[in-house]
Number of protein chains: 2
Amino acid sequence: MSAAPQFTGWQAIQAEVLRRIHAREWPPGQTIPGEVALAQEFGCARATVNRALQALAEAGVLERRRKAGTRVALHPVSKATVTIPLIRQEIEERGAAYGYRLLRRQEGTHAMLTGPALHVTALHFADDTPFVLEARHISLSVIPQARNETFHEISANEWLLRNASYTSGDITFSAQAASAEVAQHLGAETGAPIFVMDRMTWDGEAAITAVRLSYVPGYRIRTVIGGS
Amino acid sequence: MSAAPQFTGWQAIQAEVLRRIHAREWPPGQTIPGEVALAQEFGCARATVNRALQALAEAGVLERRRKAGTRVALHPVSKATVTIPLIRQEIEERGAAYGYRLLRRQEGTHAMLTGPALHVTALHFADDTPFVLEARHISLSVIPQARNETFHEISANEWLLRNASYTSGDITFSAQAASAEVAQHLGAETGAPIFVMDRMTWDGEAAITAVRLSYVPGYRIRTVIGGS
DNA sequence: CATCAGATTATGTCTAGACATAATAATCTG
DNA sequence: CAGATTATTATGTCTAGACATAATCTGATG
């Protein structure tokens with residue numbers, strides 16, 4: 001072994017490993033050579049091989065366990081990374097003009113939030129046509145300064161980014177039938193299939209905000225997997 | 001300064017950096033100290049700091065540019081990783097019995113695939129109730145051995161995992177109104193909001209398969225962000 | 001035979017130093 | 001002063017060696 005075509009950089013090694021997997025040289029389930037062996041074959045330091053394999057493990061292509069070694073994942077668990085953009089950003093990236101209108105703002109409570117909550121409903125426009133309806137609840141005990149904001153000029157979406165930070169969140173996507181209210185705001189028929197994104201964010205243990213985004217019919221979210 | 005509680009491991013450093021960001025010690029947009037400075041402060045090697053910062057940059061929390069330094073991202077672009085499980089696996093993880101039935105299998109062509117294609121329609125059940133309708137097109141020029149498979153016992157979903165590998169893919173999620181046919185198979189009303197996942201996979205330049213999964217009403221996909 | 005303690009081993013991570021690279025800042029030149 | 005060239009600098013990556021950690025394997029023991 002040697003004469004190895006001098007792979008330069010851990011990304012090159014990652015590519016070569018991927019090639020062998022796709023070429024079925026290392027079929028799913030098989031244990032691949034150890035890091036030291038690969039390092040010698042590729043003519044590089046073990047740390048370099050480690051970097052490459054670790055990245056592939058994170059991507060779900062490999063499964064690694066101490067002592068047991070590294071195996072090609074049986075079920076290449078496709079992990080698709082969906083980037084959740086700012087609404088304004090998403091609209092402007094489509095080449096449309098961003099518009100915003102506050103629909104309602106009132107205090108109350110919410111099942112998922114402790115203490116008083118601020119309820120804000122607003123509509124985001126792309127070139128004067130409704131794009132997404134934002135129904136949000138903000139915890140006033142965690143973010144009291146929200147009380148002083150009218151949300152008339154700036155959306156809660158952006159205001160929170162500037163005034164609060166979160167440590168974790170939870171998102172679900174689903175398809176819902178448009179209620180009469182949602183349909184009216186989005187300019188759709190009642191009962192139309194609506195792509196809905198529910199998000200909940202926490203700062204440590206404290207729940208900050210719960211939001212439901214109802215997108216205009218035809219909306220789709222796109223993502224790429226394995227994109228080299 | 002100093003007395004720094006000996007941060008051990010790059011993950012600890014990552015945590016500390018995250019803490020400073022959340023605590024607004026390093027507000028969004030601000031350039032944080034260079035790697036050498038941090039390494040000295042934390043009492044570790046620069047490579048360790050590098051590992052931590054690189055991971056955070058990959059997560060979208062930091063923006064790094066050579067010479068310019070490292071800045072806290074202005075828009076914490078939430079990157080949610082959605083794991084796309086095998087259908088069987090997803091059903092069994094819900095504690096339901098998996099069932100499968102082939103509905104149709106015929107040769108033809110497909111707009112996104114070059115050459116002849118095999119069209120397979122099948123239904124996946126959870127405890128005898130329909131769960132998802134799979135409408136798939138397989139390129140016969142890329143995967144000719146698909147011709148010899150009846151897909152009567154095994155779903156195309158699983159068969160492809162065992163018999164083909166992909167290098168890249170493209171997924172879109174959307175909400176669609178159930179067509180009469182879809183509604184009938186899923187036991188839903190025509191026009192009901194259906195969560196739809198369209199997937200396209202390639203092996204290099206060759207398009208392998210295009211599939212549309214129409215989920216039973218009420219289905220939702222869930223993901224977590226920032227989960228430590 | 002079943003169980004537990006110790007030897008083995010592959011991965012996980014750190015270190016200290018080095019060179020590469022890209023982008024900014026400074027300087028020189030017409 | 002504008003434009004081109006060079007110096008500087010922060011990140012990107014590699015190396016060689018070391019120790020840590022967790023599993024597995026081995027063998028001894030009851």
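Owing to the predicted nature of the structure, the values given are computational and were not obtained by experimental measurement. Naming convention: chains lettered A, B, ... in sequence-line order (proteins, then strands); numbering from 1 in each chain.
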*What do you reckon, is CZ of Arg101(A) surrounded by more than 12 foreign heavy atoms closer than 6.0 Å?*
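Atom CZ in Arg101(A) is not packed in, count stays at 12 or less.
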_Would you say that more than 12 heavy atoms from the other residues, nucleotides or ligands in this model lie under 6.0 Å from the CZ of Arg162(A), or not?_
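Open: at most 12 neighbouring heavy atoms sit under 6.0 Å from CZ of Arg162(A).
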To the nearest Å, give me how far apart [atom1] ([X]) and [atom2] ([N]) are.
| X | N | atom1 | atom2 | result |
| --- | --- | --- | --- | --- |
| Glu63(A) | dA10(C) | CD | P | 19 Å |
| Gln14(B) | dC14(C) | CD | P | 11 Å |
| Arg64(A) | dA23(D) | CZ | C1' | 14 Å |
| Ile13(B) | dT13(C) | CD1 | P | 13 Å |
| Phe42(A) | dT15(D) | CZ | P | 12 Å |
| Arg51(B) | dT11(D) | CZ | C1' | 15 Å |
| Leu53(B) | dT11(D) | CG | P | 8 Å |
| Leu62(B) | dA10(D) | CG | C1' | 14 Å |

Can you find a side chain N or O atom of [X] that sits less than 4.0 Å from OP1 or OP2 on [N]?
| X | N | result |
| --- | --- | --- |
| Asn50(A) | dG12(C) | yes |
| Thr70(B) | dA10(D) | no |
| Gln11(B) | dG12(C) | no |
| Thr48(B) | dT15(C) | yes |

Ignoring hydrogens and geometry beyond distance, is a side-chain donor-acceptor pair present between [X] and [Y] at under 3.5 Å?
| X | Y | answer |
| --- | --- | --- |
| Arg136(A) | Thr209(A) | yes |
| Arg222(A) | Thr172(B) | no |
| Tyr98(A) | Glu90(A) | no |

_Lys/Arg-Asp/Glu bridge criterion (N-O < 4.0 Å) met for Glu41(B), Arg20(B)_ =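 Salt bridge: yes.
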*asked:* Run His124(A) and Leu213(A) through side chain to side chain contact (heavy atoms under 4.5 Å, CB included) and show every step you take.
replied: CA-CA 10 Å; His124(A) 301 261; Leu213(A) 298 176; 5.6 Å; no
*First locate atom CG of Leu140(B), then atom CG of Leu113(B), and finally report the distance between them rounded to the nearest 0.5 Å.*
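Result: 9.0 Å between the selected atoms.
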*asked:* Just to verify, what does Ser165(A) make a side chain to side chain donor-acceptor pair (under 3.5 Å) with, not counting sequence neighbours?
replied: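 So Ser165(A) forms no side chain to side chain donor-acceptor pair (under 3.5 Å) with any residue.
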_Once side chain to side chain donor-acceptor pair (under 3.5 Å) is applied, do any residues pair with Glu63(B), and if so which ones, sequence neighbours excluded?_
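Expected list: Arg71(B).
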*Near-strand residues of residues 29-37 of chain B, defined as heavy-atom separation under 4.0 angstrom from DNA chain D*: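 Output list: Gly34(B), Glu35(B).
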_Aromatic ring proximity Phe131(B)/Phe125(B), centre distance under 6.0 Å_ =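 Between Phe125(B) and Phe131(B), which both carry aromatic rings, the centre distance is not below 6.0 Å.
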_Qualifying ring pair (Phe, Tyr, Trp, His ring centres under 6.0 Å) pairs, either residue in residues 19-38 of chain A, two or more places apart_ =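 Sorted result for residues 19-38 of chain A: empty, none.
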Give me the distances for all protein-to-nucleotides 19-23 of chain C N/O pairs that come in under 3.5 Å?
unit_1: dT21(C); atom_1: O2; unit_2: Arg66(B); atom_2: NE; d: 3.1

_Under 3.5 Å for both pairing distances: what stems, at least three Watson-Crick or G-U pairs long, include DNA chain C?_
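Listed by first number, the stems are C:1-30 with D:1-30.
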